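Okay, so here's the structure we're looking at.
All values reported here derive from a predicted model rather than from experimental measurement. Residue numbers start at 1 and run along the sequence shown.
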Amino acid sequence: MANRSVAMGLALAFVAMTALCCAPGAAELPRLDHPARSDGSLKLLVVGDWGRKGTHNQSRVADQMGRVGEKLDIDFVISTGDNFYKNGLKGVRDQAFEESFVDIYTAQSSQKPWYSVLGNHDYRGNALAQLSPVLRKIDDRFICMRSFIVNAELVDFFFVDTTPFQLEYWTHPGKHRYDWRGVAPRGNYLANLLKDLDVAMKKSTARWKIVVGHHTMRSVSEHRDTEELLELLLPVLKDNGVDFYINGHDHCLEHISSRDSPLQYFTSGGGSKAWRGVFHPNKDKLRFFYDGQGFMSLQLNQDQAHFIFYDVFGNILYRWSSRHPQSSTYLDEE
């Protein structure tokens with residue numbers, strides 16, 4: 001265990017140094033434009049860890065997402081990854097795409113763009129299949145890339161491919177096989193990604209900056225904090241004044257506030273299988289934790305962000321609002 005900890009430290013130090021000094025191949029992240037409403041606001045849902053062909057209450061969560069989505073008149077949906085269990089898609093013709101996505105999220109309000117990142121389970125299959133335009137010909141809602149930006153005028157969403165950060169997936173994959181095509185070698189990939197992200201954030205003029213990834217940065221559930229993200233990604237977020245980090249991976253709903261920065265962490269990974277029965281406190285401030293299925297809504301305008309967590313029955317579990325730091329009045333309210 002000691003040797004593995006030393007190896008982890010050396011690997012993280014190498015990647016961090018490379019990111020700062022040696023990333024000549026870096027390029028701009030793909031950018032998609034999603035206009036805000038005429039009043040400058042935005043409404044969306046966030047769900048993660050869902051693709052189980054309707055089982056483990058996936059269909060029930062989808063139904064409630066449809067109801068809430070209709071009530072809010074949402075603009076789009078964010079998927080925080082692990083889109084298809086247990087081992088991603090086999091290819092672009094895998095029926096799991098229809099059985100876990102097309103045939104499940106059928107509500108009229110869910111017929112909006114789904115901006116998605118890959119999770120670790122997605123990498124265990126044919127990761128390139130989810131990135132293929134072939135899937136968009138089957139259902140044009142599904143928009144999945146490794147790392148990209150969605151600009152919605154008042155907010156920039158930075159979608160980050162977090163699976164390659166996890167060193168254990170490379171060094172101790174166990175029985176699993178990960179599709180590292182287009183990613184290996186890890187050091188160069190992460191160095192370029194971190195540089196691209198930093199450049200894009202510094203260029204951003206959006207009022208809000210939100211990062212979306214699959215893996216937890218701070219969590220009190222089964223997967224706990226992700227050391228590699230804290231070492232490599234978190235400094236970029238802090239340096240660029242990111243407001244919120246949104247993730248899945250842990251099959252729960254939670255809100256954690258940083259104690260050393262204004263950054264807020266939101267986990268929305270309750271799209272299907274949940275109830276892990278695990279709780280591990282960390283050093284930051286836990287505001288809310290629900291070890292069950294559900295999803296999250298986010299409503300944004302120029303001055304305020306309003307988050308709501310819902311359970312599998314559509315009941316509101318938790319609300320939290322915050323005013324933008326540059327607003328004339330500050331609000332931090334549950």
Side-chain angles (χ1 to χ4, degrees), residues 4-23 25-27 29 48-49 79-83 88 116-124 127 130-131 144-149 157-174 176-201 210-219 221-240 242 244-250 256 258 263 265-267 269 282:
R4 284 184 65 182
S5 297
V6 171
M8 168 77 82
L10 291 174
L12 293 176
F14 170 77
V15 172
M17 183 177 297
T18 307
L20 290 173
C21 306
C22 310
L29 295 175
D49 305 83
S79 169
T80 57
D82 277 1
N83 306 317
S116 309
V117 290
L118 296 171
N120 53 298
H121 283 269
D122 300 312
Y123 264 98
R124 293 176 187 173
Q130 291 194 50
L131 310 178
C144 184
M145 290 180 269
R146 293 195 197 275
S147 298
F148 61 105
I149 302 167
F157 291 92
F158 299 89
F159 290 76
V160 179
D161 184 20
T162 59
T163 300
F165 282 85
Q166 291 274 65
L167 185 61
E168 185 177 18
Y169 298 154
W170 298 79
T171 60
H172 295 78
H176 304 299
R177 297 184 63 183
Y178 291 87
D179 184 2
W180 297 129
R181 289 176 296 170
V183 176
R186 175 179 179 267
N188 290 344
Y189 181 79
L190 294 184
N192 288 333
L193 173 54
L194 291 167
K195 182 175 181 179
D196 295 346
L197 195 60
D198 185 58
V199 169
M201 288 180 174
I210 300 176
V211 172
V212 178
H214 174 65
H215 289 80
T216 59
M217 195 168 290
R218 292 293 195 194
S219 176
S221 192
E222 181 180 24
H223 295 297
R224 307 190 189 189
D225 300 348
T226 302
E227 182 177 347
E228 296 92 336
L229 296 185
L230 296 178
E231 291 286 339
L232 299 172
L233 183 59
L234 181 57
V236 178
L237 272 56
K238 287 184 174 180
D239 187 51
N240 288 286
V242 168
F244 312 118
Y245 178 76
I246 298 174
N247 61 271
H249 198 43
D250 267 332
I256 295 174
S258 172
L263 190 60
Y265 306 98
F266 293 90
T267 297
N282 62 22

Min side-chain heavy-atom separation [X]-[Y] under 4.5 Å:
| X | Y | result |
| --- | --- | --- |
| V183 | R146 | yes |
| V211 | M201 | yes |
| L197 | L233 | yes |
| F165 | L194 | yes |
| L167 | E227 | no |

Nearest non-hydrogen partners of L29 and A200, listed with the distance
CD1-CB, 4.4 Å
Minimum-distance pair of heavy atoms, taken over all atoms of L118 and A127
CD1-CB, 4.3 Å
Return the set of residues passing ring-ring contact (aromatic ring centres under 6.0 Å, His included) with Y123 (not counting sequence neighbours), or none when no residue passes.
W180
ring-ring contact (aromatic ring centres under 6.0 Å, His included) involving Y169 - partner list, sequence neighbours excluded:
Y178, H215
With side chain to side chain contact (heavy atoms under 4.5 Å, CB included) as the test, would you mind laying out the steps for H249 and T267 before giving the verdict?
CA-CA 8 Å; H249 198 43; T267 297; over 6 Å; no
Testing the 3.5 Å rule here: is there a donor-acceptor pair between the side chains of [X] and [Y]?
| X | Y | answer |
| --- | --- | --- |
| D250 | S219 | yes |
| N120 | T163 | no |
| N83 | Q130 | yes |

Return the set of residues passing side-chain hydrogen bond (donor to acceptor under 3.5 Å, both in side chains) with T226 (not counting sequence neighbours), or none when no residue passes.
T216
With S147 via side-chain hydrogen bond (donor to acceptor under 3.5 Å, both in side chains) - residues at least two apart
none
Residues in side-chain contact (heavy atoms from CB on, under 4.5 Å) with D239, at least two apart?
D198, K202
With sequence neighbours left out, the residues meeting side-chain contact (heavy atoms from CB on, under 4.5 Å) with D49 are T80, D82, Y85, H214, H251
[atom1] of [X] to [atom2] of [Y]: how many Å apart, nearest 0.5 Å?
| X | Y | atom1 | atom2 | result |
| --- | --- | --- | --- | --- |
| D122 | S116 | CG | OG | 9.0 Å |
| I210 | Y245 | CD1 | OH | 13.0 Å |
| E231 | E228 | CD | CD | 9.0 Å |
| D225 | I256 | CG | CD1 | 7.0 Å |
| L234 | S258 | CG | OG | 7.0 Å |
| I149 | F159 | CD1 | CZ | 10.5 Å |

Before you tell me yes or no, could you show the steps for F158 and V242 under side chain to side chain contact (heavy atoms under 4.5 Å, CB included), namely the whole-Å CA-CA distance, both residues' side-chain angles and the distance that decides it to 0.1 Å?
CA-CA 10 Å; F158 299 89; V242 168; 5.6 Å; no
